[in-house]
Amino acid sequence: MIIRLYILALEIDRKRAQAAGLPFYCAPKPCKRCGEYLRNVRGACLECKRRDNMQWRNRDEYAAREYMRLAARKHRSIEENRMRGVIRAQVYKKKNPHKAKIRRIDSWYARHTFAAKQHFRKYYAEHREEFYNRARIRRARLKGAEGYFDDIDIFNIYRSQNGMCAYCENREDLHLDHKIPLSRGGSNWPHNLQWLCQFHNLSKATKTDSEYRAILAEGGFVVRTPC
């Protein structure tokens with residue numbers, strides 16, 4: 001459509017363009033600044049006007065954007081502007097579903113900060129082990145370890161150890177440990193996991209299961225046999 005209007009403008013003068021309702025026409029003489037023939041029906045050169053507008057936008061981008069927004073709003077009703085906003089929001093949601101969801105969550109959290117914190121505290125207290133499992137899996141993924149485990153695997157390991165530490169008979173404050181540490185190439189499969197009490201887990205550090213058992217045996221400690 002625009003190309004056809006340009007072709008028509010090249011064939012008629014200013015008066016005929018005004019009579020036909022065209023926005024531009026072809027002048028008999030070129031512009032002194034740019035050498036183009038296309039002019040606005042008001043007499044301004046299209047190319048010079050475009051360059052001036054670009055310079056103005058680059059000079060003061062905020063003022064140009066505000067001017068264009070107010071000029072567009074002046075020619076539309078409130079209902080038209082509302083519908084344009086709705087359509088623009090729908091298009092944005094389709095193109096960026098993840099960002100739109102994050103924006104909705106952030107706006108809800110800003111309006112219900114206290115209630116959200118209370119909900120998160122309650123959920124964490126009821127699902128603490130689930131949070132720990134996610135943290136362990138994420139740490140293993142960052143270290144490049146292969147393997148995966150879930151709550152059922154952890155419960156089976158706990159039941160096979162009779163609810164006790166793998167090295168002693170302590171049943172309190174048990175920690176999930178990797179027999180071969182992730183830092184030394186251990187996997188994240190269930191067969192590489194065991195429950196340890198806090199003392200043995202912290203003292204074992206980055207040693208393997210066999211290395212730590214040998215150290216305990218040399219020190220005269222009575223160690224449970226592996227399950």
Side-chain angles (χ1 to χ4, degrees), residues 88-227:
R88 193 181 300 115
Q90 291 175 352
V91 172
Y92 181 84
K93 287 179 182 179
K94 289 182 179 179
K95 289 184 177 179
N96 308 282
H98 182 65
K99 292 182 179 179
K101 183 178 180 181
I102 291 175
R103 184 175 293 179
R104 288 198 304 272
I105 293 172
D106 291 344
S107 63
W108 180 89
Y109 186 82
R111 287 183 279 111
H112 307 86
T113 304
F114 180 76
K117 287 182 178 180
Q118 293 292 98
H119 170 75
F120 292 148
R121 289 195 188 101
K122 181 181 178 181
Y123 186 85
Y124 175 76
E126 295 175 354
H127 305 83
R128 186 172 299 177
E129 195 58 38
E130 181 181 345
F131 277 87
Y132 289 161
N133 291 345
R134 290 179 182 175
R136 296 185 190 108
I137 292 170
R138 181 175 182 274
R139 186 170 65 250
R141 190 184 301 117
L142 291 175
K143 290 182 178 296
E146 62 176 6
Y148 178 82
F149 61 90
D150 54 18
D151 297 340
I152 298 175
D153 297 325
I154 294 174
F155 177 74
N156 291 334
I157 296 169
Y158 180 84
R159 187 173 57 181
S160 66
Q161 296 180 199
N162 297 322
M164 296 185 292
C165 172
Y167 300 135
C168 64
E169 296 183 355
N170 191 352
R171 296 175 179 270
E172 298 180 358
D173 198 13
L174 297 180
H175 298 183
L176 193 65
D177 174 70
H178 289 83
K179 296 178 182 178
I180 301 176
L182 299 177
S183 60
R184 298 181 62 178
S187 69
N188 207 35
W189 293 112
H191 62 75
N192 194 39
L193 301 176
Q194 61 182 350
W195 286 102
L196 300 180
C197 64
Q198 183 176 3
F199 170 78
H200 285 119
N201 183 43
L202 296 179
S203 59
K204 178 176 176 290
T206 58
K207 306 177 189 66
T208 64
D209 180 59
S210 57
E211 291 173 353
Y212 188 63
R213 285 182 180 277
I215 293 173
L216 292 177
E218 290 177 2
F221 291 96
V222 178
V223 185
R224 291 181 60 201
T225 57
C227 300

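- Under the 3.5 Å distance criterion, the side-chain polar atoms of R139 are left unmatched by any main-chain donor or acceptor of R134.
- A salt bridge does not link R141 with E146: none of the charged nitrogens is closer than 4.0 Å to a carboxylate oxygen.
- With sequence neighbours left out, the side-chain hydrogen bond (donor to acceptor under 3.5 Å, both in side chains) criterion links R121 to Q118.
- Across every non-hydrogen atom of T206 and P181, the tightest pair is O-CG, 3.4 Å.
- A donor-acceptor pair under 3.5 Å links the side-chain atoms of N192 to the main chain of S187, judged by distance alone.
- Taking all atoms of both residues into account, the shortest heavy-atom contact from C197 to N170 is CB-ND2, 3.7 Å.
- Judged by distance alone, with hydrogens and angles left aside, the side-chain atoms of E218 form no donor-acceptor pair with the main-chain N or O of I215 at under 3.5 Å.
- With hydrogens and angles ignored, the 3.5 Å screen pairs a side-chain donor or acceptor of R171 with a backbone N or O of N162.
- A donor-acceptor pair is defined here as one N or O able to donate and one able to accept, closer than 3.5 Å; no such pair exists between the side chain of D153 and the backbone of F149.
- No donor-acceptor distance shorter than 3.5 angstrom exists from the side chain of H200 to the backbone of L196, with no hydrogens or angles considered.
- Using a 3.5 Å distance cut-off with no hydrogens or angles, the side chains of D177 and Y212 do not pair a donor with an acceptor.
- For H175, the side-chain contact (heavy atoms from CB on, under 4.5 Å) partners at least two apart in sequence or on another chain are D173, Q198, N201.
- The closest side-chain donor-acceptor pair between D150 and N133, if any, does not fall under 3.5 angstrom.
- Q161 places a side-chain N or O within donor-acceptor distance of the main-chain N or O of W195, the cut-off being under 3.5 Å.
- Side-chain N/O atoms of N188 and H178 include a donor and acceptor closer than 3.5 Å.
- Within the 3.5 Å criterion, the main-chain N or O of C165 finds a donor-acceptor partner in the side chain of R224.
- Panel note: side chain K143, backbone G186; no donor-acceptor pair is recorded below 3.5 Å.
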